[in-house]
Chemist: 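Below you will find the structure I want to go over with you.
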Amino acid sequence: MASALAASTAVCSSPLASASASASSARRLRAVPPSRGIRYQALRADSGFAGNRRGGGRGASVVCAVQGQDTSIQVPEVTKSTWQSLVMESELPVLVEYWATWCGPCKMIDPVVGKLSKEYEGKLKCYKLNTDENPDIASQYGVRSIPTMMIFKNGEKKDAVIGAVPESTLIASIEKFVER
C-alpha cells in the first residue's frame, strides 16, 4: 500500500521564478516570498483497494465504510407473491418504498428508509418494491414517479410521499399512523 501512495511526486515551478526580471520588477518580486512550486501526489485507486470496489470496469465506484460498523440497513423486498401477506395483512402500519435500480433519487432515499425502519422497529414495517419487476402493483396504486413511499394501515393506502424528500417529511407522515 505504501508503494501505491508514493506512486509519483512532481514539482511545478512558477514561470516568474525562472524568468529574468528587470530591476523594477525585481523590487516587486521581493515583496512576494519565493515559491517552491506546487506539489502534488498521484494516487492509484486500483492497486491495493480492489476489495473496496463494487461492480467493475467503467462506472465502478470506491466504497468507503467505517470498519466494524454497518453503514446501511437493508430494507426487505416485497413482491407480487408476498404483497398480500406482508403488506395487506400486516398488524402494524407498513411503509412501502417504490423504487428501481436505475433511479438516482431512489438510491438517495434508501438509507433514510433503512434508518427509519430501525428507529420504528416494532411500530412500523418497511419494505421495498421494485417497480420494474412488479409493475402491476405500482400501477394498481397509481405510482407514476419514483421514489414513492406509501403508508398502508389495515390493508388500506393511507398516505403517499413522492420524491427524495428530507427525513423529517417521512417522519411527519409516519407519525400520523404509528401508535405512540
Side-chain angles (χ1 to χ4, degrees), residues 1 4 43-180:
M1 181 138 104
L43 298 177
R44 292 178 41 157
D46 61 344
S47 62
F49 301 109
N52 288 342
R53 287 189 176 263
R54 288 191 184 154
R58 190 171 180 177
S61 61
V62 176
V63 178
C64 300
V66 177
Q67 196 170 27
Q69 179 180 348
D70 187 13
T71 57
S72 66
I73 298 165
Q74 294 294 336
V75 177
E77 294 263 345
V78 65
T79 62
K80 184 178 180 177
S81 62
T82 59
W83 181 262
Q84 186 67 29
S85 62
L86 295 179
V87 178
M88 304 313 285
E89 297 171 0
S90 175
E91 299 283 324
L92 296 173
V94 179
L95 174 82
V96 178
E97 174 192 358
Y98 294 84
W99 71 289
T101 56
W102 49 264
C103 171
C106 298
K107 293 174 185 174
M108 292 169 46
I109 198 77
D110 191 55
V112 175
V113 174
K115 179 182 173 193
L116 293 175
S117 73
K118 190 74 169 169
E119 287 179 16
Y120 286 94
E121 196 169 5
K123 296 181 180 181
L124 175 80
K125 292 186 178 185
C126 295
Y127 298 105
K128 293 168 54 168
L129 182 117
N130 187 321
T131 56
D132 289 339
E133 295 172 2
N134 303 282
D136 46 347
I137 295 175
S139 62
Q140 179 181 348
Y141 290 97
V143 175
R144 293 176 174 255
S145 300
I146 53 174
T148 293
M149 282 63 62
M150 283 188 191
I151 298 178
F152 293 84
K153 188 171 184 179
N154 300 323
E156 294 180 18
K157 174 186 160 187
K158 296 292 186 182
D159 200 5
V161 178
I162 300 169
V165 296
E167 182 178 342
S168 59
T169 304
L170 287 176
I171 290 172
S173 181
I174 291 168
E175 287 292 325
K176 294 187 263 183
F177 304 104
V178 296
E179 293 186 23
R180 290 164 181 79

Chemist: Would you give the length of the straight line joining atom OG1 of T79 to atom CD1 of I137, rounded to the nearest 0.5 angstrom?
Modeler: 7.0 Å
Chemist: Run through Y141, Y127, F177 and flag the one making a ring pair (Phe, Tyr, Trp, His ring centres under 6.0 Å) with F152.
Modeler: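 Testing each of Y141, Y127, F177 against F152, the sole residue satisfying ring pair (Phe, Tyr, Trp, His ring centres under 6.0 Å) is Y141.
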Chemist: State, to 0.1 Å, how close I146 and A100 come at their nearest heavy-atom pair, and which atoms those are.
Modeler: CD1-CB, 3.5 Å
Chemist: Could you go through V161 and L170, starting from their C-alpha distance and side-chain angles, then the distance that decides it, and tell me whether this counts as side-chain contact (heavy atoms from CB on, under 4.5 Å)?
Modeler: CA-CA 7 Å; V161 178; L170 287 176; 4.1 Å; yes
Chemist: Could you give the distance from CD1 (I109) to NZ (K128), rounded to the nearest 0.5 Å?
Modeler: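 These two atoms lie 12.0 Å from each other.
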Chemist: Could you go through E179 and K123, starting from their C-alpha distance and side-chain angles, then the distance that decides it, and tell me whether this counts as side-chain contact (heavy atoms from CB on, under 4.5 Å)?
Modeler: CA-CA 7 Å; E179 293 186 23; K123 296 181 180 181; over 6 Å; no
Chemist: How about K80: does its NZ atom have over 12 heavy atoms from other parts shown lying under 6.0 Å from it?
Modeler: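 No - once you tally the heavy atoms of other residues, nucleotides and ligands closer than 6.0 Å, there are 12 at most.
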Chemist: OG1/T131 to CZ/R144 distance, rounded to the nearest 0.5 angstrom?
Modeler: 14.0 Å
Chemist: Does atom NZ (K153) have a neighbourhood of more than 12 heavy atoms from anything else shown, all under 6.0 Å?
Modeler: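 For K153, atom NZ is crowded (more than 12 foreign heavy atoms under 6.0 Å).
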Chemist: Might you point out which heavy atoms bring C106 and E97 nearest each other, and give the distance in Å?
Modeler: O-OE2, 3.7 Å
Chemist: Could you walk me through whether W83 and N134 pass the side-chain hydrogen bond (donor to acceptor under 3.5 Å, both in side chains) check?
Modeler: CA-CA 10 Å; W83 181 262; N134 303 282; over 6 Å; no
Chemist: Taking all non-hydrogen atoms of both residues into account, name the closest pair between K115 and I73 and its distance.
Modeler: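 What the structure gives for the nearest pair is CA-CD1, 4.2 Å.
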Chemist: Using every non-hydrogen atom in the two residues, find where G114 and S117 come nearest and quote the distance to one decimal.
Modeler: O-OG, 2.7 Å
Chemist: Any sub-3.5 Å donor-acceptor pair from K107's side-chain atoms to W102's backbone N or O?
Modeler: no
Chemist: Of the non-hydrogen atoms in Y120 and I171, which two are nearest, and what is the gap between them?
Modeler: OH-CG2, 3.6 Å
Chemist: So, does S139 use its side chain to make a donor-acceptor pair with the main chain of P135 at under 3.5 Å?
Modeler: yes
Chemist: Please step through side-chain contact (heavy atoms from CB on, under 4.5 Å) for the pair I162 and T148, ending with a clear verdict.
Modeler: CA-CA 4 Å; I162 300 169; T148 293; 3.9 Å; yes
Chemist: Any sub-3.5 Å donor-acceptor pair from S90's side-chain atoms to V87's backbone N or O?
Modeler: no
Chemist: Between atom OG of S173 and atom NZ of K158, what is the distance when rounded to the nearest 0.5 Å?
Modeler: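 Reported value, rounded in 0.5 Å steps: 12.5 Å.
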Chemist: To the nearest 0.5 Å, what is the distance between NZ (K118) and CG (L116)?
Modeler: 13.0 Å
Chemist: Locate the shortest heavy-atom distance separating L95 from I151; write the atom from each residue and the value.
Modeler: CD1-CG1, 3.7 Å
Chemist: Could you measure the distance from the CD atom of E91 to the CG atom of N154? Nearest 0.5 Å is fine.
Modeler: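 If I round to the nearest 0.5 Å, the distance is 8.5 Å.
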